[in-house]
2 protein chains.
Amino acid sequence: MIEEQVHTKTRLLDAAEKLFGQNGFDATSLRDITTEAQVNLAAVNYHFQSKDSLIDAVIGRRLEPVNRGRIQMLDAAGPSPTLEQILQAFLAPILEQEIWPAVPLIGRVLSNPDQFLERVFKKHLAAVAKRFGDAIAQALPGLPAEEVAWRLHFMAGSMSHVLVRSQVLPAMSGGLCQPQDREALMARLVTFLSAGFRAPATRLEGN
Amino acid sequence: MIEEQVHTKTRLLDAAEKLFGQNGFDATSLRDITTEAQVNLAAVNYHFQSKDSLIDAVIGRRLEPVNRGRIQMLDAAGPSPTLEQILQAFLAPILEQEIWPAVPLIGRVLSNPDQFLERVFKKHLAAVAKRFGDAIAQALPGLPAEEVAWRLHFMAGSMSHVLVRSQVLPAMSGGLCQPQDREALMARLVTFLSAGFRAPATRLEGN
DNA sequence: GTCTATAGGTTGATAGAC
DNA sequence: GTCTATCAACCTATAGAC
């Protein structure tokens with residue numbers, strides 16, 4: 001056959017990615033996935049051992065290329081990248097065309113505090129977080145380390161929120177928000193976040 | 001009895017709030033809840049009709065006072081509140097001492113895109129969102145409506161993220177983030193978000 | 001109001017034919 | 001590699017005694 005066959009394993013990953021992103025991990029059964037993929041129920045346990053392993057595979061397939069892209073863009077910005085370059089390197093790979101179908105899934109991962117998924121999160125994201133935290137601290141020399149750490153979480157929250165809710169943002173904003181325009185979304189995010197990061201360190205009364 | 005008896009209904013709401021916040025709605029069974037509350041399984045269906053109704057009750061018990069507090073603080077700031085006053089009115093009621101045990105739950109609600117919870121979200125939050133959106137638009141007269149709508153979502157994301165992950169932020173930040181200090185957290189959020197809101201409108205290439 | 005007991009359905013996972 | 005058939009465990013919800 002010249003035509004490339006779409007294998008059962010790939011069909012399962014695609015279906016699981018779609019349904020996990022739509023309804024979450026707990027609410028998606030293996031039967032939902034095999035029905036969507038139009039394969040047999042037993043195929044899940046043949047190609048993957050368990051539902052947990054399937055979840056891990058679904059996540060890793062998308063997150064690994066994203067993280068490689070992030071590091072690559074950050075490296076390409078040279079030894080002393082600007083704050084905007086750092087933010088773009090972090091955001092752009094996740095808003096790329098090819099990744100778009102997996103965006104709800106990634107949002108799910110980022111907003112799920114369960115222990116299992118937290119482990120997966122740390123497995124795939126801890127190194128990248130460290131790298132970008134260091135880059136931002138270097139770009140903003142006056143900012144205390146606690147403030148950098150907090151603002152990284154504010155950034156992660158803004159990003160994951162617009163990802164998770166991308167399907168319903170238009171309705172919730174009376175049509176004002178159009179997440180399909182990914183370039184505009186990234187530009188708005190960079191504008192908002194870079195201003196937030198450049199704010200003077202918070203003056204705390206107690207200290 | 002002079003001592004106030006903690007009724008089964010309240011024990012159920014407390015236990016459900018704790019477990020829903022820790023593990024999510026789908027992953028928490030009624031058995032988990034009745035075990036935690038040390039009441040019988042059938043009590044759930046006696047005091048509430050169904051799991052969905054229980055979820056609704058758990059959410060409403062916390063979100064209604066929060067929203068009343070938000071409107072109250074915004075009203076107290078007068079007819080032309082500053083951006084900082086608006087942000088504080090939105091954030092303070094959810095970071096108050098009495099509400100703190102329910103914070104993971106509220107984070108769960110905000111990060112859950114399922115249709116049922118989305119309906120609950122709109123039921124409890126749409127009016128407040130409109131009110132605060134208008135206030136921010138008034139405080140930042142030059143900012144286009146789309147930009148205001150987007151930045152409201154960025155704010156909601158930052159807030160919900162630190163709520164959802166409040167249990168694990170210290171570990172993820174190497175001890176730098178201490179969410180227990182709620183006053184400091186609110187001050188840092190207001191600093192970051194007000195700078196973001198005050199950023200000039202994003203210049204889009206396509207327009 | 002609180003319990004026991006159980007109905008009725010769904011789940012993840014596996015055994016074994018082909 | 002793919003199927004059918006099925007198990008054991010779990011779930012929500014209810015019936016009915018007390």
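By convention in this document, chain letters (A, B, ...) are assigned in the order of the sequence lines, proteins followed by strands, and residues within each chain are numbered from 1.
For residues 152-163 of chain B, the side-chain hydrogen bond (donor to acceptor under 3.5 Å, both in side chains) pairs, not counting sequence neighbours, are A/Ser158-B/Ser158.
Crowding of B/Gln167 atom CD: a count of heavy atoms from other residues, nucleotides or ligands under 6.0 Å not exceeding 12. Taking a 6.0 Å sphere around CD of B/Glu183, one finds it holds 12 or fewer heavy atoms contributed by other residues, nucleotides or ligands.
Between the C1' atom of D/dA15 and the CD atom of B/Gln49 lies a distance of 17 Å, rounded to the nearest Å. Between B/Ile33 atom CD1 and D/dA13 atom C1' there is a gap of 14 Å when expressed in whole angstrom units.
Relative to the ring axis of B/Tyr46, B/Lys9 does not place its NZ or CZ within 45° and under 6.0 Å from the centre. A cation-pi geometry, defined here as NZ or CZ lying under 6.0 Å from the six-membered ring centre and within 45° of its normal, does not hold between B/Lys51 and B/Phe25.
By the side-chain contact (heavy atoms from CB on, under 4.5 Å) test, A/Glu17 pairs with A/Val58, A/Arg61, A/Arg62, A/Pro101, A/Ala102, A/Leu105, sequence neighbours left out. Evaluation of the side chain to side chain donor-acceptor pair (under 3.5 Å) rule for B/Glu146 yields no partner, not counting sequence neighbours. Take A/Phe197 and apply the ring pair (Phe, Tyr, Trp, His ring centres under 6.0 Å) test, not counting sequence neighbours, and it matches B/Phe192.
Nucleic acid contact class of A/Ala42 (heavy atoms, under 4.0 Å, all strands): base.
Of all nucleotides in DNA chain C having an atom under 4.0 Å from a heavy atom of chain A, the first and last in 5' to 3' order are C/dT11 to C/dT14.
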Pairs under 3.5 angstrom, nitrogen or oxygen only, protein versus nucleotides 9-11 of chain D, please.
residue: D/dC11; atom: OP1; partner: B/Ser29; partner atom: OG; Å: 3.2

